Amino acid sequence: MAIIEEPLALTSGEAATAERPLGGLTRPQGGNGWRDWLSTVDHKKIGIMYGVSAMFFFVVGGIEALLIRWQLAAPEGQLLSAEVYNQVFTMHGVTMVFLFIMPLAAAFANYLIPLQIGARDVAFPRLNALSFWIWISGAIFLNSSWIVGGGGADCGWFCYSPNSGLAFSPSHGVDFYAIGLQIAGIASLLGAVNLIVTVLNMRAPGMSLFRMPILTWMLLVTQFLLLFALPVITVALFLLMFDRLFDAQFFNPATGGDPLLWQHLFWIFGHPEVYIIILPSFGIISEIIPTFSRKPIFGYSFMVFSGIAIGFMGWGVWAHHMFVSGIGPFSVAAFSLSTMFIAVPTGVKILNWLATMWGGKLLFSTPMLFAVGAVAMFTIGGLSGVTHALAPADTQQTDTYYIVAHFHYVIFGGGVLGLMGGLYFWWPKIFGHMLNETWGKVHFWIMLIGFNLTFGPMHVLGLQGMSRRIDTYSPGFGFELWNMVATIGAFIIALSVLVFFYNVWRSRRDAPNLPAPGPDPWDARSLEWMIPSPTPEHNFDEVPLVESEDEWWHRKYGYDENKRVVRIATIEEVAQDGSAEGVHLPAPSFWPLVLALGLPLIGYGLIFNLWLCVLGGALTGLALYSWALEPVDDPDADHGHDDHHDDDDGGDDDAAEPEAVTSGAEGGE
Amino acid sequence: MTDTVTETHLEHDEDHGAHEHPSDWVYIKIALILALFTGIEVLTYFESALPFFENNSVTIATLMFLMVVKFYLVATWFMHLRFDNPIFGRMFVAGLVLATAVYCIFLSAFEFWA
Amino acid sequence: MATATIDSPDTHDDHDEHHATSTGISNTKLAMWTFLGSECLLFGGLISTYLLYKTRRGPGPDNTAIPTDIFDIPFTSVSSFVLLMSSLTMVLALSALTRGDNAATRAWLLSTAMLGSVFIGGQVYEFTGFIREGVGFTHNPASSAFFTLTGFHGVHVSLGILMLMSLYVASKQGKLTPKHTETVEIVGLYWHFVDVVWIFIFTVIYLIPVD
């Protein structure tokens, strides 16, 4: 439709100016400073913007977590009123899931997928920029409810009806939730389409699907989950919005509505969402562990297929979130069984990581510590998860802190630790300098200790019967000790995050005095390590010809006559030097930003005044048509097909694989 | 737009397997079949027209069958899945099959079929 | 079907899949099909919601009427037929553009948009009739679900009409040439998808009798 982009039309670096007579509009020229960032279509800059924004919301969600823990540190906490407490835990969940982990995973996906498959950029660069801007406008919209909406949403991140109805949630918080998540969802959907096409269509010569790094594979599965899960939550959010803003009758039992409808739709999305959160981390772990074990991943195809199996089976287990909702014994039994089965592919992954490390020359650098920590913590969370696959046990555990403990071990332990490891691992590739190892290790150990102090005791609290989502508790139930421990743990996690930020600052400060990390500081295995650090704007001087899985490693190492691994080339000999000139890159554009600005206007309009919708819609429409009319700016290129179209629907130009090799300069070898 | 550009482009199209589409007459024939099937569908509404449509399950079976055939004809002929690279069809069928499976389970959980 | 004598489809499989460089297929078209796969889940959710709610009347006294009580099948049959035939005019537009026949392309694009507009007009007429007869959006779960489902579909059709008219204007300005076949094809894919969704809705929502 109208937002579809031309296939990577490549302009020569020096002359992005020439105005196309047919288009009527011109495209901006990169420039520098803020303009550059606002109009960029470079997947690397977009990835960095995702990452920075995600870390910002990590802090926001973290502060909300600290408020929760401060309130619960001792019985009869007075810090927050019950109303505000509800808002804080709701926004903590929403922020951490939709505004921290998902965008941080998107940061890795944007930055690394094109590099790992040997591409210049994603399939639709402007669409990629649009995804980011829509996501950030949705994120800001969602949080603006604190200021203009009479407080945050207060219905829990799952927002069950009737709590989400006007009767129990009269402020605008839930409206902001419904519309904000829809906006963010559009961003993820567009991103999913873009990245799926990128992985399928933009691979370097020789990069068959089964030579792709596991990270790319897991991110691909994640994009498919997003592609198919987001429409389901979109339906649910629309129904909720219609109920609240336009008096529809979907979830009100008094008029025949069924609150279970919301629960089903939410969890049909919500369970794949769990894998959307965890699979990118699994991919990162699968890159880190082989690198620091000096061995290839054990059972590559098992890793790939177990990832696909997780993605697939994730669609058949949603009702295990609803065992006590009254869905009937047959449903409970069926979903209980399917839930136990899904532990199998997950177990395969854990065993393969262990087998990869087995007999390897282990090197416990910071990324490896985080990866191994994530595997260990995820295993704990996975085991507690199997305990509530059993419906009778779940009936006891549900809505207690045991559940809170479980999903934090999975999401924080498995997801966030893995993503942190990824930050340490790819930091030199992204920014051109390493993060300090000593402070990295300090960060890891403080975070690991704080994490276990926070969430370990919650298992006990849950089994003692402490409910989730209560704003305080009375003394004398035996909850005091473990709540205090958990609160201390939460502040230790906060300290570890401060250590991380200090490390970022300090490493940047020290970087000029340290030797540059070079293309491949970890002696790693995949293609992104064959190009200079930081990644040059054009990625590869020359698109590599891929001949095997772990291509980059095989360019450095071979086997002698005794089948022993021997070094056959130094990094300097086989790496590219980033010196290519005149590489065609897509030109920047402001229209993605403008288009994205229209959506929150429509959102405010739906809540406050429908005229704002007209304004927002007009802005969006204007941006769409300008986007379609904007020239594809490669007057010099004469490939025939990239003579741009300028038809109004913005649907686009012909087929065309990207010109794979456009560089005239010498690459590495 | 000069002729040369157009020509270059057409060549390029062929290079990339831009499938030859059937003639207009074939499309019209497909449309006639679709129209005929729609006619039969509407006929079931006037139950008295044919005696066996008085039976509800026969009606439903007939309607579902005709619907699937119409869906299939539009997807394969008008949307060119018949002539195109199978990857396109796989993408679509993935969504279609997943949607069917998930929502059938969903409706079963509400004991919809009972 | 009876029409097996068409030109054999051009199978450029030798371009596909054996090369690992890429699949050899168009990015944009792949993106559209991927998006349509996603749309299946969207309409599936809306249709399932309606099916679940189709007999849920309000507690009364003035909100008990539901859409199935007052469906006007002959009328909807006609508008469904109109939408179905717009798929034919859509492929004919594409076919004309492939031949380089710009006048015919415009004529078929315009007829497709017109047929779509007739369908939308019919829907507006149906909606106002429903509201007059006491089946409003806010009355009960059945009517809320009905208006949401058909409204979503209507919005999709309307967006399609906008795209078709944009193509028409582009063609009028001489900017739509045979090298843009794929653009028209992609708009066509969207259009046909909206049509097949209606094929489903017409049968499952309108024609299958409710006990």
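Proteins get letters first, then strands, A, B, ... in listed order; numbering begins at 1 in each. Quick caveat, the model's predicted, so the values are computed rather than measured.
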Determine whether more than 12 heavy atoms belonging to other residues, nucleotides or ligands lie under 6.0 Å from atom OH of C:Tyr125.
-> no
Could you grab the distance from atom CG of C:Leu94 to atom OH of B:Tyr27, nearest 0.5 Å is fine?
-> 6.5 Å
Quick one: OG on C:Ser26 to CG on B:Asp84, what's the gap to the nearest 0.5 Å?
-> 9.5 Å
Top of B:Leu98, B:Val102, B:Val42 for chain C proximity - count of heavy-atom pairs under 4.5 angstrom | B:Val42
Would you find a donor on one side and an acceptor on the other, under 3.5 Å apart, between the side chain of B:Tyr103 and the backbone of C:Thr49?
-> no
Select one option (side chain, backbone, both, neither) describing which atoms of B:Phe71 are under 4.5 Å from chain C's heavy atoms.
-> both
Could you tell me which portion of B:Leu32 (side chain, backbone, both or neither) has an atom closer than 4.5 angstrom to a non-hydrogen atom of chain C?
-> neither
What are the two closest heavy atoms between C:Cys40 and B:Ala99, and how far apart are they?
-> O-CB, 3.7 Å
Could you grab the distance from atom CG of B:Leu43 to atom OG of C:Ser77, nearest 0.5 Å is fine?
-> 10.5 Å
Taking all heavy atoms of C:Leu189 and all of B:Met79, pick out the closest pair and write down the distance.
-> O-CE, 3.3 Å
Once you round to the nearest 0.5 Å, how far does CG of C:Leu30 lie from CD1 of B:Ile87?
-> 7.0 Å
Looking only at C:Ser80, C:Pro74, C:Ser48, most heavy-atom pairs under 4.5 Å shared with chain B are made by C:Ser48
Turns out that what part of C:Phe202 lies under 4.5 Å from chain B's heavy atoms comes down to side chain
At a heavy-atom separation under 4.5 Å, does C:Leu51 approach chain B through its side chain, its backbone, both, or neither?
-> both
Name the region of C:Ser38, side chain, backbone, both or neither, that has any atom closer than 4.5 Å to a heavy atom of chain B.
-> neither
Once the angle between the rings of B:Phe92 and C:Phe193 is folded into 0 to 90°, is it parallel (under 30°), tilted (30 to 60°) or perpendicular (over 60°)?
-> perpendicular
Interatomic distance, B:Phe112 atom CZ to C:Lys54 atom NZ [nearest 0.5 angstrom] = 4.5 Å
Partner of C:Thr203 under side chain to side chain contact (heavy atoms under 4.5 Å, CB included), chosen from B:Thr38, B:Ile60, B:Leu63 | B:Leu63
Roughly how far, to the nearest 0.5 Å, is the NZ atom of B:Lys70 from the CG atom of C:Asp195?
-> 8.5 Å
Applying side-chain contact (heavy atoms from CB on, under 4.5 Å), run through C:Lys29 and B:Phe88 and close with a yes or a no.
-> CA-CA 8 Å; C:Lys29 205 156 129 190; B:Phe88 297 127; 3.7 Å; yes
Using non-hydrogen atoms only, which part of B:Leu34 is less than 4.5 Å away from chain C: side chain, backbone, both, or neither?
-> both
Quick one: of C:Val197, C:Leu92, C:Leu52, C:Leu42, who has the most non-hydrogen atom pairs under 4.5 Å with chain B?
-> C:Leu52
Can you check salt bridge (Lys or Arg N to Asp or Glu O under 4.0 Å) on B:Asp24 and C:Arg99, steps first, answer last?
-> CA-CA 11 Å; B:Asp24 288 2; C:Arg99 291 194 309 268; 3.2 Å; yes
One option among B:Met64, B:Met91, B:Met67, B:Glu41 has the most heavy-atom pairs under 4.5 Å with chain C, and it is B:Met67
Search all heavy atoms of C:Leu41 against all heavy atoms of B:Gly95 and return the closest pair with its distance.
-> CD2-O, 3.5 Å
Name the region of B:Leu66, side chain, backbone, both or neither, that has any atom closer than 4.5 Å to a heavy atom of chain C.
-> neither
Within a reach of under 6.0 Å around CH2 of C:Trp198, are more than 12 heavy atoms found that belong to other residues, nucleotides or ligands?
-> yes
If one checks every heavy atom of B:Ala35 against chain C at 4.5 Å, the contacting part turns out to be both
Among the listed options C:Gly45, C:Ala96, C:Gly188, the residue most often paired with chain B at heavy-atom distances under 4.5 Å = C:Gly45
